[in-house]
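Input: a single structure, listed below in structure tokens.
Reckoned from all heavy atoms, side chains included, excluding hydrogens, waters and symmetry mates. Keep in mind it's a predicted model, so treat the numbers as computed, not measured. Start at 1 with the first residue, then count along the sequence.
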Amino acid sequence: MIIFLLGRRRRLRVCVATCNRADYSKLAPIMFGIKAQPENFELEVMVLGSHLIDDYGNTFRMIEQDDFDIGSKLHTIVRGEDEAAMVESVGLALVKLPDVLQRLQPDVLVVHGDRFDALALATAAALMNVRILHLEGGEVSGTIDDSIRHAISKLAHYHACCTRSAEQHLIAMCEDHSRILLTGCPSYDKLLSAHRRDDYMDIIHSWLGDDVKEQDYIVALQHPVTTDIKNSIKIYELMLDALISFNKRTLILFPNIDAGSKEMVRVMRKKGIERHPNFRAVKHVPFEQFIQLVSHAGCMIGNSSCGVREAGAFGTPVINLGTRQTGRETGENVLHVRDADTQNKIYHALELQFGKRYPCSKIYGDGNAVPRILKFLQSIDLDEPLQKTFRFPTVKECISQDIDHILETQSALAVDLGGTNLRVAIVSMKGKIVKKYSQPNPKTYEDRIALILKMCSDAACDAAVNLNCRILGVGIGGGIVQHGELVHGSTFCAAELGHIMVSLEGPECSCGSRGCIEAYASGAALQREAKRLHDEDLLLVEGMSLKKDEQVTAAHLISAAHLGNSKAEAMLQTAGAALGMGIVNILHTVNPGLVVLSGILASFYQNPVQQAIRQRALSSAQGIHVVISELEEPALLGAASMVLDYTTRRTY
């Protein structure tokens with residue numbers, strides 16, 4: 001007997017690779033989330049880098065203490081703590097990773113940040129056709145980390161970023177917007193919920209001594225800057241001198257394994273920091289306890305990203321030394337000492353910052369990153385092509401051609417939902433209307449939808465069979481142009497301008513609401529009013545006539561108004577005022593430089609709209625000009641441009 005299980009997707013095999021104590025604090029919440037959903041995910045844990053080095057605390061043990069099964073341990077660090085050792089470590093990792101990836105066969109590899117170990121991971125996975133989810137891409141710091149971070153982003157297939165600016169940077173780097181998710185930092189999920197533990201004083205005492213009070217100690221964490229090692233060691237020495245002079249209990253963590261760290265440790269030992277009564281020098285603090293120590297500190301000093309990221313969530317004062325975090329987004333709690341060239345300058349910064357409290361900042365997250373990331377992982381379609389596509393801005397067309405481009409005309413279907421007629425047009429890339437279709441507008445909503453679908457289907461068939469046109473998409477609606485580009489919106493429904501409400505008790509609109517601009521000023525609305533006047537024998541005036549079977553349209557209402565029909569004039573004035581009021585609302589919202597009206601009613605509405613702007617708009621918007629489109633078919637061409645702009649501008 002054969003049983004088919006339909007509709008049930010297999011579990012996603014996710015490999016999370018962690019290289020050091022810092023990235024584990026970001027990856028652990030995701031690992032716990034994946035582990036909690038065994039019906040959806042299969043978790044594999046890979047540990048490499050400084051996790052496995054005794055001098056850096058053998059921090060792989062904390063992963064085991066968190067009850068994670070480590071499937072692979074890779075010793076990838078070549079000791080030496082200089083530039084050559086970093087390069088050799090990347091090479092060693094690249095030698096060892098293929099066997100592990102081949103054995104694990106992950107669907108997705110989760111990689112964090114900007115470390116050289118992570119670059120090796122992303123390189124190996126990309127070359128072995130493993131999908132990569134990169135955390136914290138798009139950020140800017142100010143060192144070689146930027147180059148590594150952006151290189152990983154270019155190798156990665158999916159991106160979970162922490163800030164809106166990082167998201168925009170990734171888009172500017174031509175990454176596919178549909179594969180970028182603004183999640184916030186995963187570590188915030190833990191720190192925002194756990195930083196106010198009842199036992200925080202016990203934690204402070206265990207690391208700094210029983211005589212230490214809350215907000216009366218300093219946390220120091222300084223790493224080497226690999227592009228300027230000599231200067232970063234000098235800054236480290238000056239920081240230690242300033243801390244010794246400041247005479248406050250200080251928890252100082254050893255630097256990371258980057259080139260220059262060995263020299264920094266020598267400086268620390270030369271000054272006797274490990275034996276100094278005011279200092280507690282440690283290789284590692286568990287993240288949950290580190291949160292408590294940072295959140296209740298009188299100040300944090302150094303160049304760790306924790307100072308500009310996590311510390312802001314608590315309002316802890318931070319002194320950021322040197323250039324390592326220059327490009328990071330920071331809250332007002334951070335005081336930069338970029339040119340930290342004297343002990344006195346650093347000491348003065350300590351005097352300014354120590355003991356202060358700042359408003360809490362949530363630049364890097366709101367505590368809900370992990371659910372977003374898990375949902376993002378579940379949305380990955382393993383059947384879609386693995387090859388990345390990049391979204392480049394408009395460039396001059398390449399002279400090389402594909403045979404399909406020679407034989408076919410790339411086009412869009414444009415739809416105009418008029419009050420009297422429904423129109424569909426095939427519009428070419430150059431804005432030429434190849435063919436136009438028109439049908440009378442049915443009376444019921446269901447019939448209109450059915451007719452639109454039939455007209456689009458017939459036009460698409462006609463385009464493919466008879467006109468040799470490739471239809472790229474269907475476009476319906478108005479548009480907002482910003483910086484020369486159409487605003488599409490998150491669901492491609494931006495600029496539903498006709499459904500801006502200008503009255504709470506206005507006429508019923510086709511959308512189901514009341515008081516929309518469209519219910520007052522569209523061709524269908526004017527046709528409705530014309531029919532009502534005609535039924536009451538109030539439409540026709542001297543000089544007008546209707547044939548026996550002639551349909552009443554908006555044009556009859558306009559003609560009646562021109563011939564002195566006061567009721568028709570009042571209706572048109574109301575329609576113009578409604579449109580003008582809606583446009584004033586748009587001016588106050590997006591502050592455009594120009595208003596363009598199109599359609600057969602445009603010339604009639606131009607003056608009422610301009611008058612409404614003068615009477616109702618703020619002074620800053622009263623100078624906006626209202627013009628009439630000179631295009632032959634502006635509605636159809638505008639709708640087509642929504643498709644042609646997106647499909648041709650972005651896809652490589």
Side-chain angles (χ1 to χ4, degrees), residues 142 195 200-201 204-205 207-225 228 231-255 264 267-268 270-282 285 290-326 328-361 363:
H195 80 277
Y200 70 90
M201 284 307 302
I204 292 171
H205 290 156
W207 289 97
L208 287 146
D210 293 335
D211 58 333
V212 175
K213 298 178 181 178
E214 181 180 3
Q215 297 182 22
D216 196 37
Y217 62 90
I218 296 170
V219 175
L221 180 53
Q222 181 88 358
H223 300 302
V225 177
D228 191 5
N231 188 51
S232 64
I233 294 170
K234 177 187 174 185
I235 292 175
Y236 188 65
E237 187 170 5
L238 293 172
M239 179 190 77
L240 293 178
D241 290 338
L243 288 169
I244 291 169
S245 299
F246 199 68
N247 199 32
K248 287 290 182 183
R249 192 67 55 83
T250 300
L251 178 74
I252 185 166
L253 280 82
F254 278 66
M264 292 177 77
V267 170
M268 180 195 296
K270 182 180 177 182
K271 292 185 179 294
I273 295 299
E274 290 170 294
R275 300 184 304 276
H276 196 287
N278 268 351
F279 286 84
R280 300 291 186 271
V282 298
V285 180
F290 189 64
I291 290 171
Q292 308 303 317
L293 293 166
V294 171
S295 65
H296 299 286
C299 180
M300 185 174 184
I301 188 170
N303 65 2
S304 168
S305 62
C306 176
V308 298
R309 297 170 67 97
E310 283 82 358
F314 316 124
T316 301
V318 172
I319 300 168
N320 181 55
L321 302 178
T323 59
R324 189 170 184 264
Q325 305 295 341
T326 295
R328 295 270 190 198
E329 298 170 72
T330 64
E332 59 182 288
N333 64 311
V334 178
L335 175 63
H336 293 280
V337 186
R338 294 183 177 90
D339 188 15
D341 54 351
T342 67
Q343 175 188 334
N344 184 59
K345 193 180 290 186
I346 299 172
Y347 186 91
H348 186 56
L350 284 165
E351 288 183 316
L352 290 174
Q353 287 286 77
F354 187 78
K356 277 189 176 181
R357 234 52 212 167
Y358 290 90
C360 297
S361 166
I363 294 173

Smallest separation among heavy atoms of [X] and [Y], with atom names:
X	Y	result
Leu350	Ala242	CD1-O, 4.1 Å
Ser245	Gln343	OG-NE2, 3.0 Å
Ala220	Leu243	CB-CD1, 4.0 Å
Ser232	Pro224	OG-CA, 3.8 Å
Met300	Ala311	SD-CB, 4.5 Å

Say whether, by atom type as modelled, one donor and one acceptor occur between the side chain of [X] and the main chain of [Y] under 3.5 angstrom.
X	Y	result
Arg249	Val212	no
Thr250	Lys248	yes
Thr316	Ala297	no
Gln222	Asn303	yes
His276	Asn278	yes
Thr323	Thr326	no
Tyr358	Val318	no

Would you mind reporting whether [Y] and [X] have side-chain heavy atoms less than 4.5 Å apart?
X	Y	result
Ile346	Phe246	no
Arg357	Pro317	yes
Thr330	Asn320	no
Ser295	Tyr200	no
Val267	Lys271	yes
Tyr236	Met268	yes
His348	Val337	no
Phe354	Ile319	no

Q: Could you tell me whether Lys345 atom NZ has more than 12 heavy atoms of other residues or ligands within 6.0 Å of it?
A: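 Counting neighbours around NZ of Lys345, more than 12 heavy atoms of other residues, nucleotides or ligands fall under 6.0 Å, so yes.
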
